[in-house]
Amino acid sequence: MKNISLNIDKVAGFVSKETIAAYEPQVKACMETLENGTGKGNDFLGWLHLPSSITAEHLADLKATAQVLRDNCEVVVVAGIGGSYLGARAVIEALSNSFQWLKAKQDGPVIVFAGHNIGEDYLFELTEYLKDKKFGVINISKSGTTTETALAFRLLKKQCEDQLGKEMAKKVIVAVTDAKKGAARVTADKEGYQTFIIPDNVGGRFSVLTPVGLLPIAVAGFDIEKLVEGARTMETICGPTTPFAENPAAVYAATRNELYKDGKKIEILVNFNPKLHYMNEWWKQLYGESEGKDGKGIYPSAVDFSTDLHSMGQWIQEGERTIFETVISIENPEHTLQVPSDSENLDGLNFLAGKRVDEVNKMAELGTQLAHVDGGVPNMRLIVPELNEYYLGEIIYFFEKACGISGYLLEVNPFNQPGVEAYKKNMFALLNKPGYEEESKAIQARL
Ligand SMILES: O=P(O)(O)OC[C@H]1O[C@H](O)[C@H](O)[C@@H](O)[C@@H]1O
């Protein structure tokens, strides 16, 4: 069976292969630090051997709960933000039919997301939509206290109980949270909800292979066994015994750090398949929160091509030369669609007649790569045989492992995110949250 692979040939004109290869001892040291748990943030390494430690019983439990939601709900709202949201959405959107929600007949509950914004209109419209629906909720929060998620859940819990009654609501509300702490745990225990635990040593952005991601993905009808199997394969391939040049996580971490040193401060994750949009978003959190600290870190940005070639393409081709690209390239689409011939050829597209749409897409991809490299943008490609559960599992673990190595190469703690608290503190002070009296006074004085 093929695996995902990393091609760095189009980086060679910017940093030499020898320079990358010279990272081997440093990368090896970082990998040992991860394995031995001796580096910064070492209480958050639960993701490192997570795929190989997931049991068949655990997956069966998740699938059983997912089935209850599938049997009883027309809609399931997944409430969460950041790491408690993006992984599930990334996988579900990558695997779903692009027009699923427009289909009259659904083969499982429609999955919608909440708790990742405080838009009043968004929440109003969601509650309106749910008014005549049998809906369930998966409330996901590691801390159990995140305001955005807690606020959405308060609305959803009330609506669910009002519409279904307390007893039925209990059956279709599931909490994924800490084993002991946090308001989500208190509520779940008091109300008697089914719960799944987020292990203490797995940080939010590394948690997609815990119930945080696995439960919603199973509810959406996708194969979580295959997802975990793919991740397991990458756990081996990216493991400490694989030689540097054959370890894609090691090579990716080394290459991006060398490019960064060379003044390439921004990495753009690129796809040529709109289903990967939320994979971009998941990746942005993974790398942004892990590396952006101590005044350092590559800025993770992302684009969907061709869409953004017609908006950001100009900047990428000719703007400030501080960027490099990592392209996720899907080798084989799931479906076949040929360009039809047209006797009048008014649009002049008969030169494409009989070709698959993917052939056109692949030439757009190749043409873009060559143009961007010519324009001074180093380019890596992550080649993915197909877009399915197995390869998404590989992609997830590959990026996680590379992120751990990369963060240590950069000499930051890749597993904390202290900077995220600054806005929360101000928001609580502005809202006069109990316990923030001093901060409230201080912030009012600044306005
Ligand atoms: O799962 P939660 O505790 O609700 O946290 C959700 C998210 O919000 C936080 O502020 C962090 O920046 C993220 O790393 C985290 O994934």
Side-chain angles (χ1 to χ4, degrees), residues 40-41 43-47 50 77-91 113-119 123 137-157 173-188 193 195-217 278-294 297 299-300 396 399-400 403-404 407 412-431 433 436:
K40 292 180 187 166
D43 42 349
F44 285 101
L45 291 172
W47 58 273
L50 181 65
V77 186
V78 178
I81 194 168
S84 291
Y85 152 69
L86 288 164
R89 189 160 195 179
V91 173
F113 296 90
H116 56 288
N117 66 58
I118 328 176
L123 287 166
V137 186
I138 308 178
N139 184 32
I140 310 178
S141 178
K142 183 164 188 219
S143 62
T145 55
T146 301
T147 312
E148 288 82 349
T149 305
L151 178 57
F153 183 65
R154 177 181 277 224
L155 290 164
L156 292 164
K157 174 179 185 287
I173 297 178
V174 180
V176 182
T177 188
D178 186 85
K180 299 195 189 80
K181 305 183 301 283
R185 165 57 59 189
V186 173
T187 308
Y193 300 149
T195 61
F196 287 93
I197 293 168
I198 309 173
D200 276 348
N201 61 355
V202 181
R205 58 189 173 274
F206 288 85
S207 70
V208 53
L209 298 173
T210 73
V212 167
L214 296 179
L215 182 63
I217 293 165
Y278 274 92
M279 206 67 213
N280 285 355
E281 298 302 310
W282 171 81
W283 172 88
K284 273 159 56 180
Q285 186 201 3
L286 181 64
Y287 280 81
E289 281 196 342
S290 298
E291 296 193 319
K293 54 198 65 161
D294 306 341
Y299 181 80
I396 286 166
F399 276 131
E400 288 181 354
C403 186
V412 297
N413 175 353
F415 307 116
N416 67 3
Q417 56 287 328
V420 183
E421 299 311 310
Y423 100 89
K424 292 183 191 171
K425 213 177 93 197
N426 286 347
M427 177 174 78
F428 295 149
L430 289 164
L431 289 167
K433 184 174 175 169
Y436 283 78

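Counting convention: from 1, in listed order, for ligands and their atoms alike.
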Is there a donor-acceptor pair under 3.5 Å between the side chain of Lys142 and the backbone N or O of Asp200? yes
Would you check whether Glu421 reaches within less than 4.0 Å of ligand 1, judged by its heavy atoms? no
Give the atom numbers and elements of ligand 1 that come within less than 4.0 Å of a heavy atom of Lys142. 1 (O), 2 (P), 3 (O), 4 (O)
Taking the side chain as everything from C-beta on, heavy atoms only, tell me whether Arg185 gets closer than 4.5 Å to Thr195. yes
Side chain, backbone, both or neither: which part of Val420 has a heavy atom under 4.0 Å from ligand 1? side chain
Just go through Glu148, Gln417, Lys424, Glu289 and tell me whose heavy atom is the nearest to atom 10 (O) of ligand 1. Lys424
Tyr299, OH: over 12 other non-hydrogen atoms inside 6.0 angstrom: no
Protein residue, atom and distance nearest to atom 6 (C) of ligand 1, heavy-atom basis: Ile81 O, 3.2 Å
Using the rule side-chain hydrogen bond (donor to acceptor under 3.5 Å, both in side chains), only one of Lys293, Arg205, Gln285 pairs with Gln417; which is it? Arg205
To the nearest 0.5 Å, what is the distance between OH on Tyr287 and CZ on Phe399? 6.0 Å
Among non-hydrogen protein atoms, atom 16 (O) of ligand 1 lies closest to Gly83 N, 2.8 Å
Looking at Ser84, which atoms of ligand 1 are within less than 4.0 Å of one of its heavy atoms? 1 (O), 2 (P)
Counting distance only, does the side-chain N/O of Thr145 pair as donor-acceptor with the main-chain N or O of Gly182 below 3.5 Å? no
Look only at the side chain of Ser207 and the backbone of Val202, and say whether a donor-acceptor pair between them is shorter than 3.5 Å. no
Go through ligand 1 atom by atom and flag the ones less than 4.0 Å from a non-hydrogen atom of Ser143. 2 (P), 3 (O), 4 (O)
heavy-atom search around atom 5 (O) of ligand 1 in the protein gives Thr146 OG1, 3.6 Å
